[in-house]
Structures are given as C-alpha cells and as structure tokens.
Amino acid sequence: MKLFKTRQGNIVEHNNQYYRIDLPWDKLVNRSGLHHFLQTHLQHAELLSPVQADALLNSQLLAPIGAQEVWAAGVTYLRSRDARMEESKDSGGATFYDKVYEAERPELFFKAHPHRVAAPGEDVYIRRDSTWNVPEPELTLFIDSKGGIEAYTIGNDMSSRSIEGENPLYLPQAKVYQRSAALGPCLFIPSTPISPLTKISMVIHRGGKNVYTGEVAISQIKRKLPELASWLYRDMDFPHGCFLMTGTCLVPAGEFTLAEGDKVDISIDGIGTLTNTVRYKPS
Ligand code: DO4
Ligand code: MG
C-alpha cells in the first residue's frame, strides 16, 4: 500500500486501485497499525478512476511530510564508515567514525524541519561554501508518536564532505541547510516490516550521461531498524511522529562532487523513485 500527498489531497494506492482520503495528513499518518487502519478506511473512501488518479499523481507531488521533524542515522554501513575515515584523516577526526560504527549507541543527528525538505521533482541544494558535495540515498522510516515503524520512504541526505571532513564538529553545517533533504515519492505502508532483500539504487545524470550508478541491499546495514528508532525515542517525544533516515551505503568514489544541474534518481524496491535536480540556493 502506498500513500501519496498531493496538492489535491491524500491518495492511497492499494491493489492497483486509487482512493482519496480526506483526513489531514498528520492525523492520518500518526497512528499505530497504519496499514490496518487504511485497509479498513478504504471501504468508505472515494474510489478514483484511473484518469483521475493519473492526473493527481502526475501533477506535482508534495513531500510525504506534515509537521514531522526529519532525523538521520549515520555510519550504519561499512562503506560510510570507510569513506568518512578517509575524508577526515587529515583533520584527526577519522577515529570517531570507526568508534561509532562499533559502539552500542548509534550516531543520530537532526536533519530538517519540514520547510527545508524538497519534494519529488523539486531542486535540492548544495552549499556555496562547500567544495565537495554528494547525495546520500537512504531508506527512511516513518515512526509514529509511540515509536512504532509504520511506513517507509526514500530520503536524500544531501551532504558536504568538505565541511564534514574539515572537522567532525562541523557536522550540523555539512548536513543541515536549506533543501539539504528530500523525501518521497510516497509512504510505503506494508503489512509486515520491509524485507532485508530490498535494494536501494542511485543514478546521477549529468549532461545526458550517467556519472554515478550504484546499488545495495538494505541487509548490509549494521544495525536493526527498530534499534535505531528506539535510540531516537530515548528521552524525546515526537507528537506527530517523525522521519528517520537510516544511513547511506552508496558513496561515489574519490573526489566526485555534484554539479549544478545534476539529476539524482534514488530508487528503492516497493517504494518507487525520488528524483531531484541539484542547484545552488537562489540568493
Ligand atoms: O557522520 C556523518 C554522517 C553519516 C551519514 O550521514 C551516513 O552514514 O549516512
Ligand atoms: Mg547520511
């Protein structure tokens, strides 16, 4: 089951049929047993014709977020640990990354307020004061206010490697800025937890060429998804639920850096593809 947020309301796709659900987004998604609720609720929802559904889903989709904060986990895959140790070796910061990869407590950081999140098809930004920028394709959890993982989406944790590599204390500036996060295209709401065989892939297009292609299964992650959620909810409440990006395993080699106009496609089995174009923030 998939839930799309559009300018004309919330659309549920179930068994190739499309329904409109009129509840406000935050009230709709923040509940334990979201899959079961939607399945039951669909019996009373407005069934859309294929033409109506097409028109709604092909007009600009909104990011599937309301009042929720976006958080992120880091160094949850070996590839991320190794890439960050390499980028920060001159600053003396490398050792923090191997320590956190092995530690019981995961790295969790605040990523975005909803207004800084790019929707599918919108631009994501790179910083003007950064020389080395990458997208990070990440399975992203939607966690309800009680701490249960109710749904999944695709996240792009846009990052400055030059700022992060200069000093680990600069992490918030490397990670948190306007449009440094993208979410979408929908919430994927399965009846059972997502399969570890699920694959994440990313293609970066520049001037008609693919300049990066990568794919990985989420089974490569070092930690369990409920473990990440439960660390995040320690001594914190999220009245509307929250989003948690779960870390990247796809890191372009060497000094690859994004350029203005690059198109980033991130796909996750069962969820779809999140596409964004890279720009500088208009001044
Ligand atoms: O420690 C820096 C950030 C790590 C991260 O964002 C990731 O591993 O995805
Ligand atoms: Mg990341």
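From a predicted model like this one, the values you see are computed outputs, not experimental measurements. Counting convention: from 1, in listed order, for ligands and their atoms alike.
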Identity and distance of the protein heavy atom lying nearest atom 8 (O) of ligand 1: S80 OG, 2.6 Å
Check: V75 N/O within less than 3.5 Å of ligand 1 N/O: yes
Angle at the Mg ion (ligand 2) (to 10°), with one arm to OD2 of D157 and the other to OE1 of E136: 90°
Donor-acceptor pair, side chain of E215 and main chain of I200, under 3.5 angstrom: no
Contact (N/O only, under 3.5 Å) between Y97 and ligand 1: no
E138, N/O/S atom nearest the Mg ion (ligand 2): OE2
Per-residue contact class, D157 against ligand 1 - non-hydrogen pairs under 4.0 Å: side chain
Close approach, E138 and ligand 1, non-hydrogen under 4.0 angstrom: yes
Shortest protein heavy-atom distance from atom 7 (C) of ligand 1, along with the residue and atom involved: R84 NH2, 3.3 Å
Option whose closest heavy atom lies nearest to atom 9 (O) of ligand 1, chosen from T248, T76, L171: T248
Heavy-atom neighbours of Q8 CD exceed 12 at 6.0 Å: yes
Note: K111-D157 ion pair, threshold 4.0 Å (strictly below): yes
